[in-house]
Student: 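One structure is given below, represented as structure tokens, and several questions about it will come after.
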Amino acid sequence: IEVYLEEQPILSIYSEPTGAKIYLNSNDLGYTPLNGFNLHRFYMSGTKVILTGVQGYEDYSETITFKPGDKKTINAILVKKSGSLKIEDYETSDVTFEVIEDKSISGVSPSTEDNIPVGSYTLLFHKQGYLSQQKKIEIKWKQTTTVSPSLQSVNSIEKEIGTLKR
């Protein structure tokens with residue numbers, strides 16, 4: 001009987017954020033960080049696919065090839081799941097908007113804002129001479145949420161009040 005000993009490959013996986021679930025060809029290896037994992041049970045010459053994911057973040061995958069004795073490290077930067085927000089002009093143009101929960105998301109219509117984290121938000125629309133308006137929206141992964149604000153002019157309200165007083 002001949003016995004050949006090969007040094008087994010070692011894999012380390014880190015992610016930002018930490019706590020990502022790790023799969024090696026559908027085998028659950030636990031969570032990041034994974035430091036110096038010996039692939040003896042999973043090792044076969046050839047390519048392995050590593051998938052990591054955290055709720056609210058896109059999955060990460062990388063294809064790597066191992067040889068005997070390899071020591072490989074994966075540093076995965078996970079990307080937050082996001083969508084887009086499109087503000088269209090409806091009855092009035094140049095409407096200023098802002099996301100109440102995140103003031104860094106703001107602009108003037110018409111406008112498209114990309115890479116907004118998935119979630120629920122409240123938009124505030126305002127324009128000089130018009131009543132402000134709030135709208136609740138939901139940003140979904142890889143989708144565009146379109147909103148068309150409908151602001152009522154102060155002049156039209158004053159005319160209605162004048163008509164009622166007569």
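Keep in mind the model is a prediction, meaning the values are calculated, not measured.
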Student: Got a donor-acceptor contact below 3.5 angstrom from the Gln133 side chain to the Ser150 backbone?
Tutor: yes

Student: Mark yes or no for whether Asp102, through its side chain, and Val99, through its backbone, hold a donor-acceptor pair below 3.5 Å.
Tutor: no

Student: Surrounding NZ of Lys135 (heavy atoms of other residues, nucleotides or ligands, distance under 6.0 Å), is the total greater than 12?
Tutor: yes

Student: Show the nearest heavy-atom pair for residues Ser84 and Asp114, with the distance to one decimal.
Tutor: OG-OD1, 2.6 Å

Student: If we ignore angles and hydrogens, is there a donor and acceptor under 3.5 Å between the side chains of Thr145 and Glu138?
Tutor: no

Student: Please confirm whether the backbone N or O of Gly19 pairs with a side-chain atom of Thr32, one donor and one acceptor, at under 3.5 Å?
Tutor: yes

Student: Is there a side-chain contact between Leu78 and Pro17 in this structure, where contact means two heavy atoms from C-beta onward sitting under 4.5 Å apart?
Tutor: yes

Student: State plainly whether one hydrophobic cluster holds both Tyr14 and Ile22, where clusters connect Ile, Leu, Val, Met, Phe, Trp and Tyr through side-chain heavy atoms under 4.5 angstrom apart.
Tutor: no

Student: May I ask you to say whether Asp28 pairs ionically with Lys21, meaning some side-chain N is under 4.0 Å from a carboxylate O?
Tutor: yes

Student: Would you say that more than 12 heavy atoms from the other residues, nucleotides or ligands in this model lie under 6.0 Å from the OH of Tyr31, or not?
Tutor: no

Student: Side-chain contact, heavy-atom cut-off 4.5 Å: Val95 with Ile87?
Tutor: no

Student: Could you give the distance from OG (Ser12) to CD1 (Ile74), rounded to the nearest 0.5 Å?
Tutor: 9.5 Å

Student: Is the backbone of Val118 close enough, under 3.5 Å, to the side chain of Lys80 for a donor and an acceptor to pair up by distance?
Tutor: no

Student: Could you state the interatomic distance from CG (Leu11) to OG1 (Thr73), rounded to the nearest 0.5 Å?
Tutor: 7.5 Å

Student: Under 4.0 Å between a side-chain nitrogen and a carboxylate oxygen: does that hold for Glu88 and Lys86?
Tutor: yes

Student: Once you round to the nearest 0.5 Å, how far does CD1 of Ile100 lie from CG of Leu124?
Tutor: 5.0 Å

Student: Establish whether Leu123 and Val108 are linked, either directly or via other cluster members, by ILVMFWY side-chain heavy-atom contacts under 4.5 Å.
Tutor: no

Student: Side chains of Tyr121 and Leu85, heavy atoms from C-beta outward: is any pair under 4.5 Å?
Tutor: no

Student: Evaluate the side-chain proximity of Glu98 to His126: yes if any heavy-atom separation is below 4.5 Å, no if none is.
Tutor: yes

Student: Which pair of non-hydrogen atoms, one from Leu131 and one from Val154, has the smallest distance, and what is that distance?
Tutor: N-CG2, 4.4 Å

Student: Quick one: pull up CD1 in Ile116 and OG1 in Thr144 and give me the separation to the nearest 0.5 Å.
Tutor: 9.5 Å

Student: I need the Asp70 CG to Ile64 CD1 distance, nearest 0.5 Å.
Tutor: 9.0 Å

Student: Under 4.5 Å between any side-chain heavy atoms of Val147 and Phe97, yes or no?
Tutor: no

Student: Can you check whether Ser111's main-chain N or O pairs, donor with acceptor, with Ser109's side chain at less than 3.5 Å?
Tutor: no

Student: Please confirm whether Lys81 makes a cation-pi placement over Tyr57, using NZ or CZ under 6.0 Å from the six-membered ring centre and within 45° of the ring normal.
Tutor: no

Student: Hey, what do you get for CD1 (Ile10) to CG (Asn35), rounding to the nearest 0.5 Å?
Tutor: 10.0 Å

